[in-house]
Amino acid sequence: MLAQQINRLFKRRPTLDTKQVYNDNAQKWLRLEPSSLSDFTARPFVFDACGELNNRSILDIGCGEGYCARELKRRGAGDYLGVDLSTQMIEAAQIQEAKDQLGIEYRALNVLEFVPERKFDLCVAVFLFNYLRVDEMQRVFSMVYQSLEEQGQFIFSVPHPFFPFVRNKQSSPFYFNSTDKNYFADVDQKFEGEIWKRSGEPLHVQCVHKTLSDYFDCLREAGFTTMPEIKELTVTPELIAVDEAFFSPLINEPLHVLFKVTK
């Protein structure tokens, strides 16, 4: 009965504009240490995939309030530009930058209209493409390809395309509502969801659905010709040991996918 009531609630709930979602929730996302589920199950793998940075320049698209930017800068990144659609997120990032003085440049802009004026050694996008349709993602992939130096690398994370269909249980610490949706037929459909902080606070997230093939096809059409490295991410035994109550509901669930491709 409770599940049916929640389903009815979601059917009545309006689809929210992405910029509005993050402008309204910028302060909830601001953190200086890991707090949300994906800070433990995804972002550390993004950092590791970046390897030894050695002053490499980085373009961070969908940088949010700068959590990843600060970490990568501390790990040795050089010239760093973070861009995001949300003015409130960028303002939060700039306020923290004024305190830290790490040398990170932040800009509020629409990545779909962005043409970088310089090239970068590395581009990262942490949970950006789950907010874009396939055609929009294609445009951004092409922009990234043009903005990278030769042998530059593109690293991005997305929700696992299977996750909303494998786990449609609307409960903590992570879900997307895919009721009455189909893996193939509902590409570009937006699924609303939430991801929890370890404190117990939920954060509203969205997923514009794509198949695995969509990611590979768009990379190829953008100009990338090398085979991307991919890593499917889930809860690790180490995380279970840290906080079994929080992480154990997601044991063996396909949570995220990490892509790494070289120009």
Side-chain angles (χ1 to χ4, degrees), residues 18 21-22 25 28-51 60-72 74-75 84 89 122-132 153-178 183 191-212 215 228-261:
T18 299
V21 167
Y22 281 95
N25 292 278
K28 291 183 179 181
W29 282 99
L30 181 61
R31 72 274 198 213
L32 301 178
E33 59 184 20
S35 62
S36 72
L37 175 79
S38 53
D39 290 342
F40 299 92
T41 55
R43 287 176 180 84
F45 297 94
V46 172
F47 301 149
D48 290 345
C50 292
D60 185 343
I61 52 177
C63 66
E65 45 67 64
Y67 177 78
C68 292
R70 292 188 290 272
E71 177 63 24
L72 290 173
R74 291 188 176 103
R75 290 182 177 221
D84 197 275
M89 286 284 202
L122 180 65
C123 178
V124 296
V126 180
F127 299 114
L128 165 66
F129 298 113
N130 44 298
Y131 293 95
L132 303 181
Q153 294 177 315
F154 181 26
I155 296 169
F156 65 94
S157 61
V158 294
H160 199 298
F162 296 166
F163 177 69
F165 302 97
V166 171
R167 189 177 193 272
N168 195 21
K169 181 182 179 182
Q170 297 170 351
S171 64
S172 65
F174 187 26
Y175 73 87
F176 289 110
N177 181 42
S178 63
Y183 181 80
F191 304 164
E192 305 290 343
E194 290 179 307
I195 193 167
W196 267 254
K197 295 182 178 181
R198 283 183 67 193
S199 65
E201 181 182 21
L203 298 164
H204 184 201
V205 290
Q206 298 172 327
C207 181
V208 178
H209 175 59
K210 302 166 195 67
T211 68
L212 277 173
Y215 292 104
E229 301 174 35
I230 67 167
K231 188 176 183 65
E232 296 176 289
L233 305 177
T234 188
V235 168
T236 64
E238 291 78 12
L239 290 175
I240 297 295
V242 169
D243 190 340
E244 183 174 3
F246 182 69
F247 293 108
S248 63
L250 296 172
I251 291 175
N252 293 325
E253 301 287 3
L255 302 181
H256 327 288
V257 183
L258 174 67
F259 288 80
K260 180 178 180 178
V261 63

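We count residues from 1, following the sequence as given. Just so it is clear, the structure is predicted and the values come from calculations on it, not from any experiment.
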Inset, instruction - Search all heavy atoms of H256 against all heavy atoms of F127 and return the closest pair with its distance. - result: ND1-CZ, 3.5 Å
Legend entry - Check: P173 and P249 side chains under 4.5 Å, non-hydrogen atoms: yes
Legend entry - Validation row: F259, V158 side chains within 4.5 angstrom (heavy atoms): yes
Legend entry - Nearest-0.5 Å distance, NZ of residue K210 to CG of residue L132: 6.0 Å
Inset, instruction - With side chain to side chain contact (heavy atoms under 4.5 Å, CB included) as the test, would you mind laying out the steps for L250 and L37 before giving the verdict? - result: CA-CA 10 Å; L250 296 172; L37 175 79; 3.5 Å; yes
Inset, instruction - Please step through side chain to side chain contact (heavy atoms under 4.5 Å, CB included) for the pair L203 and S36, ending with a clear verdict. - result: CA-CA 8 Å; L203 298 164; S36 72; 4.1 Å; yes
Legend entry - C207 backbone acceptor or donor facing N130 side chain under 3.5 Å: no
Inset, instruction - Examine distances only and state if a side-chain atom of H209 and a backbone atom of Y183 form a donor-acceptor pair shorter than 3.5 Å. - result: yes
Inset, instruction - First locate atom CD1 of I155, then atom NZ of K231, and finally report the distance between them rounded to the nearest 0.5 Å. - result: 13.0 Å
Inset, instruction - Return yes if a side-chain donor-acceptor contact under 3.5 Å exists between R43 and S38, otherwise no. - result: yes
Inset, instruction - Check whether any side-chain heavy atom of E192 sits under 4.5 Å from a side-chain heavy atom of Q206, and report yes or no. - result: yes
Inset, instruction - Decide yes or no for F156 and V257: does some side-chain heavy atom of the first lie under 4.5 Å from some side-chain heavy atom of the second? - result: no
Legend entry - Check: E65 side chain, Y67 main-chain N or O, donor-acceptor pair, under 3.5 Å: yes
Legend entry - Residues D60, R70; criterion salt bridge (charged side-chain N to carboxylate O under 4.0 Å, His left out); working and verdict: CA-CA 11 Å; D60 185 343; R70 292 188 290 272; over 6 Å; no
Inset, instruction - To the nearest 0.5 Å, tell me how far F162 CZ sits from L255 CG. - result: 13.5 Å
Legend entry - Exercise: identify the closest heavy-atom pair between P161 and Y215: CG-CE1, 4.1 Å
Inset, instruction - For N168 and S178, indicate whether the former's side chain and the latter's backbone hold a donor-acceptor pair under 3.5 Å. - result: yes
Legend entry - R167 to S172 - nearest heavy-atom pair and separation: NH2-O, 3.4 Å
Legend entry - Ring geometry between F174 and F176 (parallel below 30°, tilted from 30 to 60°, perpendicular above 60°): perpendicular
Legend entry - From L239 atom CG to S248 atom OG, the distance as rounded to the nearest 0.5 Å: 11.5 Å
Inset, instruction - Check whether any side-chain heavy atom of F40 lies under 4.5 Å from a side-chain heavy atom of R198, and answer yes or no. - result: yes
Inset, instruction - Show the numbers, then the answer: is there a side chain to side chain contact (heavy atoms under 4.5 Å, CB included) between T41 and L233? - result: CA-CA 7 Å; T41 55; L233 305 177; 5.8 Å; no
Legend entry - Distance-minimising heavy-atom pair for E33 and D39: O-OD2, 4.4 Å
Legend entry - CA sep, side-chain torsions, deciding dist, call: E253, V235, side chain to side chain contact (heavy atoms under 4.5 Å, CB included): CA-CA 8 Å; E253 301 287 3; V235 168; over 6 Å; no
Legend entry - Closest non-hydrogen atom pair between A125 and F129, with its separation: CB-CE1, 3.7 Å
